[in-house]
Amino acid sequence: SAAALLMADDLLETEDFRFNKLGELVVCKEPQVEGRLNRITVDNVFGYAVATTPAGLTVFKLADAVFSAREKWAQAEPQPCEDFPRWNVALPGVLGVQFSSDGLTLAAAVGGEIRFFDSRSILHKNTDGRPFVSVTVSTTEKISDLAWNPSQEHCDLLGVMVGSKFTLVKVTDSCSVVGSVDGYTCFAWSRGKGKAIQLGKADGSLAQFTLELKLKGHPLAHPPLGAVPSYFAADSDRTVTTVVWLEQLTFVVRHGSGYNTLSVLSNGFLAKENKQPEHHILSELSDNYTEDREERLFSSIVPEWNLGVYCSTNSNQVSVLGKYPGSGKWQLWLMDEAGGRADFPLAGDADSYAAGLAIDLTSTLPVEGKKTSRDGPPLPPSPNVLLYGTDSRVSLYELVNIKHGGSGDFSAFGLVGGSYTFMKIPQPVPRDGARKSILNPPGDRCRNLANPYHTCTAYCQTSVGADTASVAPSASTAPSASSASHTTPSLGFGGVAAGYGGFGGAGSAVGSFAAPSSTATAAATTTSMFKPTSNSMPAAAPSSFTAPPSSSSGG
């Protein structure tokens, strides 16, 4: 039997949720280079964010940046904030970044290489700008997608997409390759426990794999193309460019022709019975679509609210897909047009599109009642949404749950004792690290995936000019439990000011990693058995750090 294809958008006008704009941050003056990778990431353990620039990375403490942005936006004529506290790490050619779920590791893609930084060194500004380990996945193609496993149990697993190959990498003190599969276009981790991976294909189908990269069940067929709108023509590009795993049997799938589907499987389908999935058309998930830009759908989900925020690299619209309790189905939510929606602002006279999306769960400020269109006391601290545009501006929004933010038993929505259980007070950043590659002499190695007979040196803080001889990779040693695990308290109203204790606010707030000397660069270049191509970057060079003024330090 043919799979069901539902044509009409399932829209729901809601006043229960809204976006409140807090302000804008100007990360740099240069526009973002076009690409598919997410260019902003949030560390929800320590309360920091990292955004890419053409020159490298910009790091800022979220509480300080939000405080600065709110001040500028509260003026009679709201203004973007250009002087918020931040510091820079030189990393030319960086394509995208992501923090691991335990907050300890930052992965940065540069060409066909991934460089891994210890978060504690980056956030304390005491690193020489070099990763503790680096791995080359391809010498000819750029990385098109990377994502850490979302669970704490498997937080050391990183998925990487280059061309048509998906590679699973395990990162502790060093790197090891779990395996790879070819013939795919994109991937997504399962929500929650992260025990499965869903991969998209060029024919529009999906395939599910275990963490051992064993195929599970059978592929989910692409939507049928019967009597459908013109953009579903028979020659439409069905390539799956993005897949989002909403829940066990439900996925959002973005196709190359610019259309989106909500694919709902049945238990019988997974059991290989003769039961077909349903495909719901989500034409308004990324409206104002342009064909002039590379295709990618960004998403970030708040599981306790059954709500996801979406934006596309070729659209300036921000959408919300959610599921109300009792409805049993996911719907596109239309927020109040009178100030309740989010978007990417114009960059002068030109449109700005999505370069990245992240959600901050470390806010400590309650939501002001006047911004919720309801009477009563302020709502609990709520998620902040960071929309990073191609004009290198971050638009900051509060995502407010008006319906389930008041009195009553709303534990199913994460509201217990007047605060949301998923909102956390950011922890102080430890000054020591657990990884041997930071604390011990050099010796850890990481394999070059593009050439399995060559290994590349694991960078370490204590030895800039480390030995670069090719040796077999060492056994991985996980960080100690005392350093790697976190017990984060839930956020109550008693800690409202906690997140703003480090804000200085005076003078220039921008620090930087100074450029290395040519002698140091030559001493630290990793030995390689191949010549870099235009799509692959040379190994990271050491650099010295110039600290910002102490009054503006957010660390």
Is any side-chain heavy atom of [Y] closer than 4.5 Å to one of [X]?
X: Gln152; Y: Ser101; value: yes
X: Thr53; Y: Asn88; value: no
X: Leu399; Y: Arg18; value: no
X: Lys195; Y: Thr210; value: no
X: Val385; Y: Phe19; value: yes
X: Val42; Y: Tyr48; value: no
X: Arg341; Y: Leu334; value: yes
X: Asp343; Y: Tyr397; value: yes

Looking only at side-chain N and O atoms, does [Y] offer a donor or acceptor that is under 3.5 Å from a partner on [X]?
X: Asn44; Y: Thr362; value: no
X: Thr52; Y: Gln32; value: yes
X: Asp156; Y: Thr172; value: no

Of all the heavy-atom pairs spanning [X] and [Y], show the shortest one and how long it is.
X: Leu95; Y: Ile143; value: CD1-O, 4.0 Å
X: Leu168; Y: Trp189; value: CD1-CH2, 3.4 Å
X: Ser395; Y: Pro345; value: OG-CD, 3.3 Å
X: Val320; Y: Met335; value: CG2-CE, 3.6 Å
X: Pro380; Y: Val367; value: O-CG2, 3.6 Å
X: Phe344; Y: Ser352; value: CB-O, 3.3 Å

Hey, does the side chain of [X] reach the backbone of [Y] with a donor-acceptor pair shorter than 3.5 angstrom?
X: Ser300; Y: Ala358; value: no
X: Lys424; Y: Thr421; value: yes
X: Ser144; Y: Met161; value: yes
X: His124; Y: Pro430; value: yes
X: Ser68; Y: Phe84; value: no
X: Thr14; Y: Trp333; value: no
X: Ser134; Y: Arg115; value: no
X: Arg296; Y: Arg36; value: yes
X: Arg191; Y: Pro150; value: no

For [Y] together with [X], are the ring centres under 6.0 Å from each other?
X: Phe99; Y: Trp148; value: no
X: Trp330; Y: Phe251; value: no
X: Phe60; Y: Trp87; value: no

Checklist entry - When you look at Leu158 and Ile114, which way does the side chain to side chain contact (heavy atoms under 4.5 Å, CB included) test go after all the steps? => result CA-CA 10 Å; Leu158 179 75; Ile114 307 172; 3.9 Å; yes
Checklist entry - Are the charged groups of Arg86 and Asp64 less than 4.0 angstrom apart, N to O? => result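 Salt bridge absent between Arg86 and Asp64.
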Next on the checklist: Under a 4.0 Å threshold between the charged nitrogen and the carboxylate oxygen, would Glu398 count as salt-bridged to Lys21?
Outcome noted: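 Salt bridge between Lys21 and Glu398, a charged N being under 4.0 Å from a carboxylate O: no.
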Item to check | ring-ring contact (aromatic ring centres under 6.0 Å, His included) between Phe422 and Tyr420, worked out | outcome: CA-CA 5 Å; Phe422 54 86; Tyr420 293 117; 5.3 Å; yes
Item to check | Candidate pair Leu379 and Asn401, rule side chain to side chain contact (heavy atoms under 4.5 Å, CB included), full reasoning | outcome: CA-CA 8 Å; Leu379 299 181; Asn401 183 342; over 6 Å; no
Could you tell me the separation between the [atom1] atom of [X] and the [atom2] atom of [Y], rounded to the nearest 0.5 Å?
X: Phe298; Y: Ser312; atom1: CZ; atom2: OG; result: 8.0 Å
X: Leu357; Y: Thr41; atom1: CG; atom2: OG1; result: 10.5 Å
X: Ile402; Y: Asp16; atom1: CD1; atom2: CG; result: 7.0 Å
X: Ser190; Y: Ile197; atom1: OG; atom2: CD1; result: 8.5 Å
X: Arg120; Y: Ile122; atom1: CZ; atom2: CD1; result: 12.0 Å
X: Leu396; Y: Leu22; atom1: CG; atom2: CG; result: 6.0 Å

Next on the checklist: Can you confirm whether Gln75 is buried at CD, in the sense that more than 12 heavy atoms of other residues, nucleotides or ligands lie under 6.0 Å from that atom?
Outcome noted: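 Count over threshold, so yes.
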Next on the checklist: I'd like to know whether Lys323 forms a salt bridge (Lys or Arg N to Asp or Glu O under 4.0 Å) with Glu247, so could you lay out the CA-CA distance, the side-chain angles of the two residues, the decisive distance to 0.1 Å, and finally the verdict.
Outcome noted: CA-CA 11 Å; Lys323 183 173 73 170; Glu247 54 188 358; 3.0 Å; yes
Next on the checklist: Please determine whether side chain to side chain contact (heavy atoms under 4.5 Å, CB included) holds for the pair Phe132 and Val171, giving the CA-CA distance in whole Å, both sets of side-chain angles, and the decisive distance to 0.1 Å.
Outcome noted: CA-CA 11 Å; Phe132 69 86; Val171 184; 4.2 Å; yes
Checklist entry - After noting the C-alpha distance and the side-chain angles of Met423 and Ser363, does the key distance pass the side chain to side chain contact (heavy atoms under 4.5 Å, CB included) rule? => result CA-CA 7 Å; Met423 298 296 294; Ser363 173; 4.0 Å; yes
